[in-house]
Structure formats: structure tokens, C-alpha cells
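Have a look at the structure below, then the notes.
Atoms within each ligand, like the ligands themselves, are counted from 1 in listed order.
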Amino acid sequence: MNLAVILRGLLAASAVCASLVVLANTDNAEIVERLKPAGEVCMAGDECAAAVVEVAAGPRSGKELYDTKCMVCHAAGVAGAPKFGDSAAWDARVSAKGLDGLFDSAWNGINAMPAKGTCNDCTEDEIKSAIAYMTEG
Ligand code: HEC
């Protein structure tokens, strides 16, 4: 076998490879298309995704806020915080101040309880649901 034959063989082989790559790419595109759910897929940044993001950014539940913000102190009763599930402690506070009074303390802070329980981006309604979750828990 001389060099020219080898080169021709290599060229032929690479041509086959190139067409396989093209085939493979086509197949991928088809597979991606087939894997899409019946509705159109919304990717972050697409116009259709804006509505999804808005929903996700809606009010967080009382449980969600308790788990991420309030639990740090209210689970173990850090610095005298009324504990989650200690209904006697919570009932006493609700009777003394009412839910509105508890909201005022939570919103503005009271003693070792920081304003908004460190949830600085919480809305009034979100703090109220976190309080409802804790007082009922
Ligand atoms: C850094 C610790 C800490 C975090 C975080 C925290 N709390 Fe508190 N919380 C306290 C302490 C301490 C008290 C008791 C204050 C007192 O009566 O002296 C308290 C008391 C309260 C009270 C009762 C207030 C009253 O007037 O009796 C409410 C309601 C409350 N917290 C809500 C929340 C909510 C809602 C969150 C989360 C969004 C939260 N707390 C996060 C420490 C914390």
C-alpha cells in the first residue's frame, strides 16, 4: 500500500465521519423535539417564562417562612423566644396582645426578637402567615 492509497482511505474515512456527525446532530435535534412535553417548553428568560417566575415570586407560606427564617430561634426558644408548638406560651401572648399586637412586635422587633424576624424582604401578609403558622403549630 503506498502513501496515496492510505491518504485516499483516510479522506474517505473522514468523509464518512463528517456525515455521521451531521446525522448525529440531526438525530439529537429530533430527540430534543420528541422529548418536549405536549405544551411548549418555557426556558428562563423566554417571554413565556415571565408568568411562571411571577407565580414563584408570590407570597411565601407561613411554614416556608418559619422553616427558613423563624425556626432558627423559635424551634429551641433562643433568648426566650416562644417555642414552636408550645401552645401555652403562644396562647398567653395572643391573650395579652391579640394577633395584631404580636404582629406589631414581630414587624418592629421586641427585646431579642429582631424586626421582621430577620426576613427583611417579607411583606406584612407574609409575617402574618408566619405568625399564624407558629401560633397554631
Ligand atoms: C434571632 C432570633 C429570632 C428570630 C430569627 C425570630 N424571632 Fe420571633 N422572637 C424572638 C424572641 C427572643 C422573642 C421573645 C421576645 C420577648 O417577648 O422578649 C420572639 C417573639 C416573637 C413573637 C411574640 C412577640 C410578642 O409580642 O409576644 C412573635 C409573634 C415572633 N417572635 C414572630 C417571629 C417570626 C414571624 C419570625 C420569622 C419571620 C421570628 N419571630 C424570628 C427571637 C427571634
Just jot down the ligand 1 atoms closer than 4.0 angstrom to any heavy atom of A130, in number order. 35 (C)

For atom 21 (C) of ligand 1, the closest protein heavy atom turns out to be H74 CE1, 3.4 Å

Check A96 against ligand 1 and report side chain, backbone, both or neither, counting heavy atoms closer than 4.0 Å. neither

Could you find the nearest protein heavy atom to atom 18 (O) of ligand 1 and give me its residue, atom name and distance? N111 ND2, 2.8 Å

Numbering as shown, the atoms of ligand 1 that approach G80 to under 4.0 Å (heavy-atom distance): 14 (C)

Starting from atom 23 (C) of ligand 1, find the nearest protein heavy-atom neighbour and note its residue, name and distance. R93 NH1, 3.8 Å

Can R93 and D86 be counted as an ion pair, charged N to O under 4.0 angstrom? no

Short version for K116: what comes under 4.0 Å of ligand 1, heavy atoms counted, is backbone

Ranked by distance from atom 15 (C) of ligand 1, the top protein heavy atom is I110 O, 3.8 Å

Which option wins on minimum heavy-atom distance to atom 37 (C) of ligand 1: A79, C70, P82? C70

Would you check if the side chain of E126 reaches a backbone N or O of T123 as a donor-acceptor pair within less than 3.5 Å? yes

Counting C-beta onward and ignoring hydrogens, is there a side-chain heavy-atom pair between V72 and V78 closer than 4.5 Å? no

Would you check whether W90 has a nitrogen or oxygen atom less than 3.5 angstrom from a nitrogen or oxygen atom of ligand 1? no

Compare all side-chain heavy atoms of D125 with those of P59 and state whether any distance is below 4.5 angstrom. no

Quick one: which ligand 1 atoms are inside 4.0 Å of a heavy atom on C73? 1 (C), 2 (C), 3 (C), 4 (C), 5 (C), 42 (C), 43 (C)

Check each of D67, T68, D121 against R60 using the side-chain contact (heavy atoms from CB on, under 4.5 Å) test, and report the only one that passes. D121

Where do M134 and Y66 come nearest, in terms of heavy atoms and distance? CG-CD1, 3.5 Å

Would you mind checking which non-hydrogen protein atom is closest to atom 24 (C) of ligand 1, with the distance to 0.1 Å? S105 CB, 3.6 Å

Testing the basics here: between H74 and W90, what is the closest heavy-atom pair and its distance to 0.1 Å? ND1-CZ2, 3.8 Å

shortest atom 41 (C) of ligand 1-to-protein heavy-atom contact is with G117 CA, 3.4 Å

Check whether any N or O atom of K97, backbone or side chain, sits under 3.5 Å from an N or O atom of ligand 1, and answer yes or no. yes

Pick from E126, K69, M113: the one approaching atom 7 (N) of ligand 1 most closely through a non-hydrogen atom: M113

Proximal atoms of ligand 1 relative to M134 (non-hydrogen, under 4.0 Å): 32 (C), 33 (C), 34 (C), 35 (C)

Give a yes or no on whether K83 atom NZ has more than 12 heavy-atom contacts from other residues, nucleotides or ligands under 6.0 Å away. no

Give the numbers and elements of all ligand 1 atoms closer than 4.0 Å to a heavy atom of V78. 12 (C)

F103 and K128: which non-hydrogen atoms are nearest, and at how many Å? CD1-CG, 3.7 Å

What pair of heavy atoms forms the shortest contact from K97 to S105, and how long is it? NZ-OG, 3.8 Å

So, 4.0 Å and heavy atoms of L65: is ligand 1 close enough to count as a contact? no

Hey, is C122 close enough to C119 that the SGs sit under 2.5 Å? yes

